[in-house]
Amino acid sequence: MARSNVWLLLPIGVLVATGCGEGVDSAPKLEGGYTVDQSLPGMPCDISRLLNTRCNGCHGAPLKNSAPIPLVSRANLLERSQVDPSVTVGARSALRMRDTALSMPPARYPQPTEEEKAAFETWVAEGMPDGRCGEADAGVTVIEPVDAGPAPTVCSSNTFWTRGNDGSASMNPGFACRSCHLGQNFEGQNPNGDSERGRAFFFMGTVFPSLHEKNLCRSVVPSSGGTVEIIDAQGKVAATLMVNASGNFMSTSTRTTIAMPYTARVKANGRVRAMTTPQTDGDCNTCHTEQGRNDAPGRIVWP
Ligand code: HEC
Ligand code: HEC
Ligand code: HEC
């Protein structure tokens with residue numbers, strides 16, 4: 001799915017004032033079709049403003065651009081992270097704002113200032129104390145990302161697979177493995193109609209270092225390796241697949257007895273990155289394409 005590098009600052013002639021007032025019970029003023037967001041429940045002004053201007057164009061209500069979780073109240077930030085249940089969503093948010101490989105907001109979007117990040121970190125470190133923000137500061141404009149075409153793609157390893165369909169477990173990273181092995185021509189990847197049905201394993205895909213890595217680019221794999229876990233409909237880990245040096249992984253059977261739908265997670269370096277949306281198709285790279293399809297944000301990436 002195409003996402004943007006342009007942010008539209010909606011013109012709303014409101015409110016510049018400093019300092020947080022006492023809690024004022026004022027309904028946000030909605031003007032013709034514009035989203036004016038008020039102070040977020042339970043949050044101090046500076047935190048509200050940071051989230052509204054830098055995050056909630058995606059993490060607002062409704063969620064947009066594949067953002068998985070809302071960040072519109074203190075309660076949201078106090079929840080356990082689905083990615084790392086040992087910490088809160090607030091702590092993950094602080095971390096992702098500093099994550100150079102996987103920054104939040106994504107790298108192409110305007111980033112929070114150093115001051116904003118520091119204020120957020122302090123608030124999280126203090127345990128996210130309940131805060132309020134008065135009417136004067138309430139009129140914060142939510143900045144909506146505007147769709148401006150496909151994201152730029154990269155190849156972090158700078159190394160491409162050049163052996164075509166000369167079979168190997170390291171072949172064609174990023175391509176839809178199972179579709180081709182079944183003789184299909186997903187996104188024009190198999191113009192000659194090659195196939196390898198005996199190895200059309202049910203779960204196949206590639207884990208990459210960043211969201212928009214190019215097709216056929218060899219991954220960069222952590223030195224301690226990594227695994228993909230398939231979690232069945234009952235929430236049990238039903239299979240653990242090794243990721244090889246090219247980033248590829250696969251199961252061992254062309255069929256599966258795993259109770260559907262499944263979810264999945266990637267583990268590496270003691271960290272986890274999870275897909276919480278249930279799926280039934282095991283050909284991961286049909287959704288985790290360069291740009292992402294069917295609401296996937298792009299590639300499967302290391303945690
Ligand atoms: C352009 C849309 C967009 C913006 C803006 C954005 N995010 Fe995200 N966010 C996403 C998407 C897509 C994902 C899921 C993929 C991922 O984790 O990279 C995500 C995932 C997350 C997660 C959950 C995953 C994790 O690693 O714990 C957190 C927390 C998060 N974002 C925080 C933020 C914060 C804080 C901001 C603002 C400072 C922000 N995001 C701005 C799109 C966005
Ligand atoms: C465009 C078609 C195509 C795509 C995409 C593709 N393959 Fe293959 N693959 C083949 C063909 C054809 C063979 C058998 C040809 C041969 O053995 O030389 C094969 C063979 C294999 C083999 C057997 C190698 C051996 O030991 O003989 C493995 C393992 C494999 N592929 C894994 C993958 C994985 C993992 C992916 C996705 C990241 C993938 N393939 C993507 C066409 C494809
Ligand atoms: C039908 C489409 C589809 C298929 C097939 C699919 N995914 Fe996803 N995946 C998504 C969507 C949509 C998201 C974003 C929402 C979420 O995180 O649940 C996602 C997110 C993820 C994430 C977290 C964010 C990221 O990009 O790292 C991981 C990890 C992941 N998928 C792994 C897998 C694995 C492993 C497979 C194959 C075994 C797979 N996915 C197959 C649609 C798909």
Side-chain angles (χ1 to χ4, degrees), residues 3-4 7 50-51 53-59 63-69 71 77 81-84 87 89-97 99 102-106 108-112 116-117 120 143 145 161 163-181 183-186 189-192 194-196 198-208 211 215 228-230 241 244 246-251 262-266 272-288 292-303:
R3 279 182 281 138
S4 72
W7 288 59
L50 163 63
L51 293 172
T53 55
R54 309 286 190 193
C55 316
N56 287 344
C58 301
H59 289 276
L63 294 167
K64 289 200 189 131
N65 299 312
S66 319
I69 46 169
L71 300 175
L77 296 185
S81 159
Q82 293 167 353
V83 172
D84 178 358
V87 300
V89 167
R92 284 293 306 173
S93 294
L95 212 83
R96 290 291 300 264
M97 280 189 246
D99 188 326
L102 279 173
S103 71
M104 276 294 141
R108 296 173 303 125
Y109 297 92
Q111 300 294 308
E116 287 174 321
K117 287 187 216 176
F120 190 81
I143 298 178
W161 173 260
R163 271 175 36 199
N165 294 344
D166 183 358
S168 150
S170 301
M171 77 189 306
N172 293 339
F175 272 11
C177 318
R178 188 167 198 256
S179 297
C180 179
H181 284 201
Q184 295 158 6
N185 186 22
F186 177 78
Q189 292 170 2
N190 187 20
N192 301 327
D194 286 344
S195 67
E196 176 69 345
R199 290 198 181 83
F201 302 124
F202 194 85
F203 298 101
M204 299 181 88
T206 313
V207 186
F208 281 106
L211 273 180
N215 279 330
V228 169
E229 290 182 343
I230 306 295
L241 315 176
N244 68 25
S246 65
N248 288 346
F249 61 86
M250 66 206 94
S251 57
Y262 75 93
T263 58
R265 62 191 177 210
V266 182
V272 179
R273 202 170 157 84
M275 174 169 71
T276 51
T277 311
Q279 308 293 351
T280 51
D281 183 346
D283 196 4
C284 313
N285 293 349
T286 58
C287 293
H288 294 281
R293 288 170 61 125
N294 305 320
D295 286 338
R299 298 304 192 182
I300 302 168
V301 297
W302 297 111

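All ligand and atom numbering here is 1-based and tracks the order in the structure.
Under a 4.0 Å criterion applied to the non-hydrogen atoms of Ser195, ligand 2 contributes the atoms 12 (C). Of all the atoms in ligand 1, the ones that sit under 4.0 Å from a non-hydrogen atom of Leu71 are 32 (C), 33 (C), 34 (C), 35 (C). Short contacts between ligand 2 and Met250, defined as distances under 4.0 Å to a heavy atom of the residue, involve ligand atoms 29 (C), 35 (C). Using a 4.0 Å cut-off to heavy atoms of Met204, the atoms of ligand 2 that qualify are 32 (C), 33 (C), 34 (C), 35 (C).
Remark: distances from the non-hydrogen atoms of Pro297 to ligand 3 include one below 4.0 Å. The shell of residues lying under 4.0 angstrom from ligand 2, judged by heavy atoms, excludes Gly247.
At least one N/O/S atom of His59, whether from backbone or side chain, sits less than 2.8 Å from atom 8 (Fe) of ligand 1. Look at Thr277 and atom 8 (Fe) of ligand 3: no N/O/S atom of the residue is under 2.8 Å from the metal.
The N/O atoms of Tyr109, backbone and side chain alike, include none that comes under 3.5 Å of an N/O atom in ligand 1. Ligand 1 has no N or O atom lying under 3.5 Å from any N or O atom of Ser66, backbone or side chain. Checked against a 3.5 angstrom limit, the closest N/O atoms of Asn294 and ligand 3 fall outside it.
Closest to atom 41 (C) of ligand 2, if we only count protein heavy atoms, is Cys177 CA, 3.5 Å.
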